[in-house]
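One structure below.
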Amino acid sequence: MTQKKISVEYKSGLVIAGIFATGLAVGILAVVSIQNVSKRNEHLTQDVARVDVLQTSTERADNLSSKSTHIAGQFEEIFKQRSTAEQYQALYNSLSQNTEQELEQWWIQSQSIERTSHREIAQQVILQNLTKIDPQKALHFLLEILPLPNDALSRTIFSEWAVLNLDEAIEAAAALAGARRSVALEAILETRDDLSEDRRLAIAVQLDRAGTYHKLTSETEALHNIANPSESWDILLNDNVDDSLQIGAFVLVAEAWRGQIGVEVLSKIYHSRIEDHEIKRLLIAEIAQVNPALVLEYAQEVSEENERSYISHIIVEEWASKDPLATLAAVSSFKPSSLYFDLEEEIALVWAKNKPNELIQSIELMSERARVWPLEVAFAYIAREDPLGAIDSLSSIEDYVGSTTSILHRIVEQWSILQPDAAVDWILNDFDQEDPILLHSLLEDTLPSLARHNPTKAFDIALAHPTPSHGLASPLDRTIIWHLTTHGDIEQAISLLPRVRISSKASAYGIVGSSLVRKGQTLKALELGSDLEPQHQQSYFSQVIQVWARTDPIDLYESLEDMQSSDGQSLQSMAALKLLTRRFSYQQRLTDDQLKRARSFLNDDDRDQLQLIEKFQNR
Amino acid sequence: MSTQPSTKFKQISLVGISLGSGLVLGMLVVVAIQNFNPLNSRADYDFAQSDLQQDSIKNGDYNSSESPVVVEKFEGIFNQHSTAEQYKVLYNTLSQSNEQELKEWWKQSKNIERASHRNIAQHVILHNLTAINPQQALRYVDEVSIFQSNALLTTVFSEWAVSQLEDAVKAAASLVDSRRIVALQAILESRDDLPDSELRSIARELEGEEILLKLTSDQLAAQSIEEPAKSWNIMLDDDVDNSLQKESFAKIAEAWREKDGFAVLSRIYTDLPNMRFELVRAIARFDLAGALAFTRSILDENEQKYIAMVIVNEWTRTDAQAALAAALTYTPASMASYLENSVASTWSYTNPIELIENIGTISEELRLGKLESAFWQIARKNPMEAIAKMNSVESYVGNTSSILDTIVFQWSYQEPAVAAEWVIKNFAEDDPQRHDLLESIMPRWARQDPVQAFEVAIAQPTRSEGIELDYWVIDEISADGDVELAKKLLPRVKEKTRLRAYTIVGSAMIAESQTEEALELGKDFEDDQRRQYYQRVLNDWASNNPKNLFETLESLPSSSIQSLAAIQLVRVNRYRPLLTDEQIEQVRTYINPDDEASDASSGILFGN
């Protein structure tokens with residue numbers, strides 16, 4: 001009986017234990033389930049719904065088309081967040097569990113986000129997450145969909161990639177070209193600052209960008225020493241990196257230095273061994289812009305004149321672009337007076353470029369010696385928009401300068417660059433033509449521009465206006481030939497040569513012939529000479545051969561044998577003489593044997609001439 | 001019968017109690033286990049903020065420098081296997097933090113050794129802190145390195161502009177220039193939802209209208225980037241100073257190059273003359289050989305020369321020998337020579353020692369000039385080293401005296417007295433090179449110690465030809481503005497130097513408006529010398545202050561001086577027309593016929 005009772009009780013105990021255990025298990029499961037659900041809810045703040053990723057691939061494919069609408073909706077919700085920090089948080093939470101396909105959809109939808117700032121935030125997080133799964137695809141999106149180099153997104157991808165799979169990231173960077181590769185390398189090096197320096201350098205070398213590594217290293221070292229900015233400065237100066245690639249770093253160090261020693265940093269910059277003047281100028285300008293009045297006061301007291309002048313010029317150039325009147329007042333007490341006048345003129349020039357009308361109206365504030373050139377600049381700027389208005393306004397400044405002629409020249413020259421036909425037509429039809437010298441000089445300013453658009457018309461006008469007999473004027477036809485030749489339109493110049501005036505022929509042909517020689521077309525240059533009348537050939541060949549001897553004496557020497565004489569000109573002898581007389585120049589390149597052989601080509605007259613020259617040189 | 005329901009009730013109760021107990025116990029067990037091992041199960045989301053508070057309370061204050069909990073949390077975060085995960089965890093963790101907690105996170109972030117991790121952490125911390133207390137976030141920006149501060153400034157102001165635009169703008173206005181521009185840019189970029197008028201107003205308030213114009217133009221250009229030429233023209237034609245858009249032009253040029261090759265270099269040359277140098281360099285830098293090959297097809301001589309020169313210069317900085325080899329293959333030969341010259345020049349100052357060692361590879365006619373340049377660079381650091389190296393190049397140039405001259409000249413900028421001593425010690429008195437070298441030292445020495453320099457100068461033997469050393473000392477002293485000292489030394493100058501020295505001092509006196517004294521200084525000279533003196537001094541007067549000379553004409557001491565003065569005024573006015581035609585006519589009345597005749601051949605007098 002008892003055993004039966006025990007057995008029953010045992011069974012009951014087991015049942016109770018089982019029920020208890022069931023309760024325990026259910027309790028555990030319940031807590032875990034509740035926590036998972038609440039975690040899911042926490043992934044999105046407020047009302048953003050979480051997509052259920054537990055779908056079959058078939059279901060997923062089917063859902064893609066509706067997904068785009070869904071994603072668009074999610075973007076809307078994300079960017080309703082009250083702060084960008086929350087937007088980022090929401091995006092990271094939304095995207096971290098997505099598959100590659102889903103991220104692709106997010107990417108596609110992100111391109112429809114109109115607001116640039118939102119689109120950029122979205123694309124950054126998308127690409128970062130996509131890189132985790134398929135960095136090649138992320139890079140493909142960056143390069144194919146965004147054709148304009150986007151450094152920020154490139155850095156995002158390569159920062160992530162470098163952490164996940166360094167070797168692959170390096171390989172991908174190597175496949176990029178130009179600046180893209182440099183940006184990728186920078187991201188890799190900045191992110192993998194856990195690697196040894198040797199390894200980092202090796203990566204840079206592998207990517208053929210050792211300079212990038214050196215730049216980063218140098219800047220890091222400079223940064224570590226920033227408590228002593230002069231040391232940081234020296235680090236940047238003495239590294240193996242071109243200073244022009246570190247302008248940003250120099251500016252930051254200079255600012256830190258200024259914080260330490262004040263405006264005296266300007267002298268430090270001036271005396272430092274920065275080769276590039278432009279960099280020095282930029283650095284001084286950066287320091288000056290904080291308080292130009294104060295730095296100008298400092299500059300005024302600098303004892304060394306060159307330094308005082310250098311620094312002051314840069315400061316006034318910067319300051320005058322913002323407040324020319326204040327700058328003018330500040331320099332008024334500068335010594336010596338030569339420096340004051342220079343600075344005054346600089347202020348006026350900057351003023352003229354920035355606010356030409358204002359400068360013109362205020363010109364009486366400038367001393368007389370500092371008026372003409374700035375007025376030329378101011379009127380040239382006005383002429384870009386309104387050349388006739390600029391010409392009409394000349395009368396307003398007649399009382400302030402001795403003559404407005406040089407200003408008129410600048411206006412007309414500027415006009416001709418933009419509207420050569422209109423400028424030339426005005427000179428021919430509307431300009432008071434009583435002064436032939438002035439008329440000629442105005443055409444000299446404008447016809448070259450016209451020649452580049454309409455050489456025939458320009459040349460016709462040139463021929464119709466002979467050179468005034470007095471003055472320093474150049475023949476207009478020759479001027480046009482020179483411009484066409486120098487600007488690469490030599491064929492056009494050659495076609496106009498037969499029409500050149502007799503008085504200009506020799507020099508015009510000489511200009512073209514010299515250019516042909518410089519381009520290596522020596523045979524053509526010699527042939528061109530045969531078109532000339534005999535009385536012009538001597539000077540033509542002399543000029544051409546002179547240029548030939550200067551630019552390629554070896555070639556001239558080697559051509560001696562084959563040179564033909566032309567109408568009595570012994571070209572061989574002329575060429576030999578040029579080569580032999582050039583031996584007194586430091587640029588001589590022929591050997592003694594070659595010079596000796598060259599002598600054998602001299603005719604009697606040229607031999608005599610050489611002897612005279614040699615006698616003179618040897619005395 | 002009543003017993004059965006009671007038993008059943010007990011059984012049911014027992015079952016219920018067992019089940020219920022098991023349920024409750026199971027729940028408690030899970031919670032207890034999770035709380036016992038926080039890091040493993042809560043690494044992602046559930047850092048217990050109360051832990052942080054409790055630790056701080058235990059320590060007695062919130063500002064304890066040691067906060068192991070935060071440090072551990074950072075460790076946990078940066079154990080994540082990707083940076084995306086790190087960002088996610090950080091954003092989730094910090095989004096729940098209050099200001100005090102974020103401050104503690106910030107403090108601890110400064111102890112993160114690895115810069116890349118520290119940057120990530122500080123970015124997210126400030127991002128979140130800005131949403132709560134942007135002024136504090138801004139103060140924290142001052143605590144980071146100068147190289148990081150702009151990036152964090154952007155973070156702060158991007159967030160601030162979204163949450164409290166007016167305050168953000170006010171705060172930006174109080175920043176110094178460069179920071180204000182960074183802040184403005186961040187505000188404009190993040191608030192691209194605002195109408196143009198409001199953006200313009202913000203830009204104006206922060207004195208950065210050109211920044212807004214630039215951003216707008218950049219965006220427009222970016223939209224057309226499929227046709228780089230179009231983007232290029234958009235940026236050229238906008239109202240923004242091109243110099244502010246250098247980076248954008250560089251980006252478009254790079255895109256253009258990728259699409260159409262190096263033809264963009266010609267556009268850079270033509271359209272952006274003020275920044276062509278940097279842009280050509282930037283575009284050519286990564287394929288210098290390809291860029292140089294392109295230049296061979298350029299027709300315009302000047303353009304070809306310029307672009308090719310920039311390319312080979314850039315190439316020389318990294319591989320001078322390759323650059324030289326490429327330059328020498330250029331046709332025609334004149335261009336090859338031009339480029340060789342350019343390479344050698346750049347080589348001489350970027351790597352002077354390497355140039356010296358390879359001077360044999362440079363054409364003979366270029367060697368001396370480039371060696372002078374290279375030795376100049378070396379002498380800047382160590383003149384004696386430069387002198388010692390001269391031997392190595394003798395066989396390539398023959399005469400190295402000009403190189404020594406360059407070295408000594410450079411030396412004179414650093415230690416003129418020491419340089420002079422070396423020269424005097426190493427060159428005999430009658431050696432012409434001694435004089436030449438001292439001549440190059442004198443001006444710098446005169447600036448540093450004029451009296452000592454003068455004493456040494458007048459102690460040197462007088463030469464039969466050429467300018468004496470004392471002239472250079474007087475010249476420098478006068479140029480330096482110390483006219484009084486120059487006047488004091490004048491009586492002791494050598495006879496040969498006298499006229500020149502007096503003229504120099506007279507000119508300096510004119511510049512100081514000591515015109516009467518300057519005229520007085522010339523009166524002791526004999527006729528011919530007196531004329532020369534006055535011509536020079538009056539020319540200076542006419543150049544510096546023609547109106548003043550014009551007004552003083554009548555009161556000049558003699559008619560001959562008046563005549564000379566008038567001639568100078570007419571001459572100077574030809575090129576700087578500050579006097580009117582009537583005034584010039586008046587001036588002409590002072591010119592005497594003899595003076596007119598002697599200047600007639602110049603044609604200048606008639607041309608005005």
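Convention: sequence-line order gives letters A, B, ...; per-chain numbering from 1. Bear in mind the structure is a predicted one, so any value in this text is a computation, not a measurement.
Between chain B and the options A:A249, A:G248, A:A222, heavy-atom pairs under 4.5 Å are most frequent for A:A249. No other option in A:L91, A:V125, A:T191, A:V163 has as many heavy-atom pairs under 4.5 Å with chain B as A:T191. The greatest number of non-hydrogen atom pairs below 4.5 Å with chain A, out of B:Y87, B:Y91, B:Y349, is found for B:Y91. Options A:G520, A:A210, A:G178 differ in how many heavy-atom pairs under 4.5 Å they form with chain B, and the most are formed by A:G178. Chosen from B:V124, B:V162, B:D177, the residue pairing most often with chain A at heavy-atom distances under 4.5 Å is B:D177. The most heavy-atom pairs under 4.5 Å with chain B, out of A:L223, A:T485, A:D552, come from A:L223. Chain B forms the most heavy-atom pairs under 4.5 Å with one residue out of A:S338, A:G402, A:A85, A:S403, and that residue is A:A85. No other option in A:T116, A:V290, A:I490 has as many heavy-atom pairs under 4.5 Å with chain B as A:T116. Between chain A and the options B:K547, B:H81, B:R285, heavy-atom pairs under 4.5 Å are most frequent for B:K547.
B:A250 does not touch chain A: none of its heavy atoms, backbone or side chain, sits under 4.5 Å away. For a residue to count as touching a neighbouring chain, one of its non-hydrogen atoms must lie under 4.5 Å from one of that chain's; by this rule B:A511 touches chain A with the backbone only. B:E247 does not touch chain A: none of its heavy atoms, backbone or side chain, sits under 4.5 Å away. Using a 4.5 Å cut-off between heavy atoms, B:R191 touches chain A through backbone and side chain atoms alike. Only the side chain of A:D242 comes within less than 4.5 Å of a heavy atom of chain B; its backbone N, CA, C and O stay farther away. When heavy atoms are compared at a cutoff of 4.5 Å, A:R181 does not approach chain B at all. Proximity to chain A is limited to the side chain of B:S337, based on heavy atoms less than 4.5 angstrom apart. Residue A:R371: no heavy atom, backbone or side chain, is found under 4.5 Å from chain B. Both the backbone and the side chain of B:D192 come within less than 4.5 Å of a heavy atom in chain A. For B:D241, no part lies under 4.5 angstrom from a heavy atom of chain A. In this structure, chain A has a heavy atom under 4.5 Å from the side chain of B:R317, while its backbone stays farther away. Only the side chain of A:K132 comes within contact range of chain B, judged by heavy atoms closer than 4.5 Å. Using a 4.5 Å cut-off between heavy atoms, A:L245 touches chain B through its side chain atoms alone. At a 4.5 Å heavy-atom cutoff, the contact between B:E301 and chain A is made by backbone and side-chain atoms alike. For B:K259, no part sits under 4.5 Å from any heavy atom of chain A, backbone or side chain. Both the backbone and the side chain of A:E305 come within contact range of chain B, with heavy atoms under 4.5 Å apart.
A donor-acceptor contact shorter than 3.5 Å is absent between the side chain of A:R518 and the backbone of A:T551. A distance-only check finds no donor-acceptor pair linking the side chain of A:R82 to the backbone of B:S163 [under 3.5 Å]. In this structure a side-chain-to-backbone donor-acceptor pair under 3.5 Å is present from B:T580 to B:Q583. Between the side chain of B:T130 and the backbone N or O of B:W160 there is no donor-acceptor pair closer than 3.5 Å. In this structure, the side chain of A:Q128 does not engage the main chain of A:T156 through any donor-acceptor pair within 3.5 Å. The main-chain N or O of A:L516 is never found under 3.5 Å from a side-chain atom of A:Q521 such that the two would form a donor-acceptor pair. When atom types are taken as modelled, the side chain of B:S145 and the backbone of B:Q148 share a donor-acceptor pair closer than 3.5 angstrom.
Evaluation of the ring-ring contact (aromatic ring centres under 6.0 Å, His included) rule for A:W373 yields no partner, not counting sequence neighbours. Partners of B:Y338 according to the side-chain contact (heavy atoms from CB on, under 4.5 Å) rule, which considers only residues two or more places apart in sequence or in another chain, are B:K305, B:M309, B:M335.
Between B:K88 and B:E85, the closest side-chain pair of non-hydrogen atoms falls below 4.5 Å.
Within 6.0 Å of the NZ atom in A:K322, the count of heavy atoms belonging to other residues, nucleotides or ligands exceeds 12.
Under 4.0 Å is where a charged nitrogen must lie from a carboxylate oxygen, and between B:R114 and A:D194 at least one such pair does. Look at B:E254 and B:R257 and you find a salt bridge, because one of the NZ, NE, NH1 or NH2 atoms lies within 4.0 Å of a carboxylate O, short of that distance.
The OG1 atom of B:T155 sits 12.0 Å away from the CD1 atom of B:I125 when rounded to the nearest 0.5 Å.
When only modelled atom types and interatomic distance are considered, A:E160 and B:S82 share a side-chain donor-acceptor pair under 3.5 Å.
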